[in-house]
Amino acid sequence: MINIMATSILIAEDHLMVRQAFKTLLQGDSSLLLVGEAGDGIQAMELVAKLKPDILLLDLRLPRMHGLDLVKQLKRERQTRTIVVSMHAEQSYVIEALRHGVAGYVLKDSPASDLLEAIKRVSSGGQFLSAALRQNVIHTSLRTLIGGEKVADKDPLTRRERTILEMAAEGLTSAQIGKRLFISPRTAESHRSSLMRKLGLKTQTDLVRYAIRNQIISA
């Protein structure tokens with residue numbers, strides 16, 4: 001029997017195994033109701049508009065539309081509150097997500113209980129951050145942000161350049177990056193050249209080392 005008072009949830013995650021893990025977790029709680037799942041950003045945006053779930057569980061790095069761009073597009077969907085579920089703990093990601101109205105941010109290496117707690121708090125009108133985000137240097141920046149003061153953006157890259165940095169560091173060619181982002185290989189290469197120039201990087205090895213050192217990818 002369906003609990004009509006259950007919190008409705010939509011999952012936006014491009015990895016099938018991760019979506020399945022989320023589904024298994026949610027199905028174990030009768031107060032939660034999974035109403036849909038999306039494998040890319042465009043599909044997620046369409047399903048939010050159609051289903052109007054209480055909670056959107058959102059991975060940031062989605063095909064067709066990056067999670068941060070999706071969050072900006074969904075500001076008008078006031079019924080749906082967003083919880084980012086990501087492996088990225090970098091200050092730039094967390095602050096940008098919060099700037100655009102994300103109510104929760106859970107790291108993928110957190111205990112499953114953290115995700116359930118995040119859903120509970122956010123569905124009740126609160127906010128949730130994984131412990132690792134509360135305990136590191138991001139905490140100071142978040143307090144400034146919540147206090148309404150402008151936070152200086154020390155990241156010289158645009159969101160698109162940062163996305164391309166991640167993909168390039170994982171070994172994707174400009175053609176492969178262009179295909180994933182629905183841009184031309186020439187445009188992808190232009191963004192790649194721009195980000196390397198901004199960061200003072202000369203070679204692919206420099207790019208990979210930078211990405212690992214800044215925890216953009218895992219070693």
Side-chain angles (χ1 to χ4, degrees), residues 11-19 21-22 38-41 44-45 55-74 81-112 114-115 117-119 122 127-146 151-172 177 180-181 191-192 195-196 198-199 201 207-219:
I11 299 172
E13 164 65 57
D14 63 327
H15 291 94
L16 181 59
M17 291 181 65
V18 177
R19 289 207 307 271
F22 286 167
D40 63 62
M45 183 169 63
I55 300 289
L56 170 64
L57 298 183
L58 174 67
D59 185 22
L60 287 181
R61 196 170 154 194
L62 292 173
R64 301 179 69 193
M65 180 183 290
H66 193 276
L68 291 176
D69 293 323
L70 176 60
V71 168
K72 292 173 63 177
Q73 293 291 326
L74 293 179
R81 305 194 76 201
T82 301
I83 299 173
V84 168
V85 186
S86 174
M87 66 179 182
H88 295 294
E90 294 92 333
Q91 177 176 339
S92 58
Y93 279 101
V94 180
I95 292 179
E96 188 72 8
L98 291 176
R99 278 177 176 170
H100 293 295
V102 164
Y105 201 115
V106 180
L107 298 178
K108 284 187 175 178
D109 60 359
S110 301
D114 275 14
L115 183 56
E117 177 65 20
I119 294 171
V122 170
Q127 294 184 317
F128 182 91
L129 294 175
S130 287
L133 301 180
R134 297 193 299 267
Q135 293 171 356
N136 64 16
V137 70
I138 294 176
H139 182 69
T140 301
S141 297
L142 293 181
R143 284 189 299 177
T144 303
L145 177 65
I146 293 170
V151 178
D153 186 1
K154 297 182 179 179
D155 190 343
L157 304 182
T158 65
R159 285 197 302 277
R160 176 53 60 88
E161 287 171 343
R162 193 169 183 82
T163 299
I164 290 175
L165 170 62
E166 294 173 23
M167 294 181 177
E170 291 176 354
L172 273 67
I177 292 171
R180 288 196 181 187
L181 297 180
H191 283 305
R192 179 174 176 148
L195 72 88
M196 293 189 71
K198 287 180 179 180
L199 298 175
L201 307 177
L207 187 150
V208 173
R209 286 175 178 169
Y210 176 90
I212 293 174
R213 185 169 63 249
N214 289 276
Q215 299 181 325
I216 295 170
I217 63 171
S218 301

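The structure presented is a predicted model; accordingly, all values stated were derived computationally and were not measured. As a basis for the values below, the full set of heavy atoms in this structure was taken, side chains included, without hydrogen atoms, waters or symmetry mates.
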Item checked: With Arg160 via side-chain hydrogen bond (donor to acceptor under 3.5 Å, both in side chains) - residues at least two apart -> none

Notebook entry, point to check: Which atom pair, heavy atoms only, marks the closest approach of Ser130 to Asp114?
Noted result: OG-OD2, 4.4 Å

Notebook entry, point to check: Between Val122 and Phe128, which heavy-atom pair has the shortest distance, and what is it?
Noted result: CG2-N, 4.5 Å

Check: How many angstroms lie between atom OG1 of Thr158 and atom CG of Leu195, to the nearest 0.5 angstrom?
Finding: 8.0 Å

Item checked: Heavy-atom closest contact (Val106 atom, Ala118 atom, distance) -> CG2-CB, 3.6 Å

Notebook entry, point to check: So, do Lys108 and Asp59 sit near enough that their side-chain heavy atoms are less than 4.5 Å apart?
Noted result: yes

Checklist line | Closest heavy-atom pair and its distance - Ile83, Tyr105 | finding: CG2-N, 4.5 Å

Check: Just wondering, do Leu172 and Arg180 contact through their side chains at under 4.5 Å, heavy atoms?
Finding: yes

Next item on the list: Please report the closest heavy-atom contact between Ala12 and Leu56, naming both atoms and the distance.
Entry: CB-CD1, 4.0 Å

Item checked: Beyond-backbone contact of Arg64 with Asp14, side-chain heavy atoms, under 4.5 angstrom -> no

Notebook entry, point to check: In Å, rounded to the nearest 0.5 Å, how long is the span from CG of Leu107 to CG of Leu129?
Noted result: 9.0 Å

Next item on the list: Can you see which heavy atom on Leu60 is nearest to which on Ser86, and at what distance?
Entry: CD1-OG, 4.0 Å

Next item on the list: Would you indicate whether the side-chain heavy atoms of Ile177 and His191 approach each other to under 4.5 Å?
Entry: no

Checklist line | Spacing of CD1 belonging to Ile55 relative to OG1 belonging to Thr82, to within rounding of 0.5 Å | finding: 8.0 Å

Checklist line | Spatial distance of atom CG (Leu58) from atom CG (Leu74) [nearest 0.5 Å] | finding: 8.0 Å

Note to self: Using modelled atom types and a 3.5 Å cut-off, is there a donor and acceptor pairing between side-chain atoms of Arg19 and backbone atoms of Glu13?
What the structure shows: yes

Next item on the list: Compare all side-chain heavy atoms of Leu57 with those of Ile119 and state whether any distance is below 4.5 angstrom.
Entry: yes

Next item on the list: Just jot down the salt bridge (Lys or Arg N to Asp or Glu O under 4.0 Å) partners of Arg61, sequence neighbours excluded, or say none.
Entry: Glu166, Glu170

Notebook entry, point to check: Any side-chain heavy-atom pair from Ile164 and Leu157 closer than 4.5 angstrom?
Noted result: no

Report all side-chain donor-acceptor pairs from residues 65-73 shorter than 3.5 Å, counting only partners two or more places apart or in another chain.
unit_1, atom_1, unit_2, atom_2, d
His66, ND1, Leu68, N, 3.1
Asp69, OD1, Arg159, NE, 3.2
Asp69, OD1, Arg159, NH2, 3.0

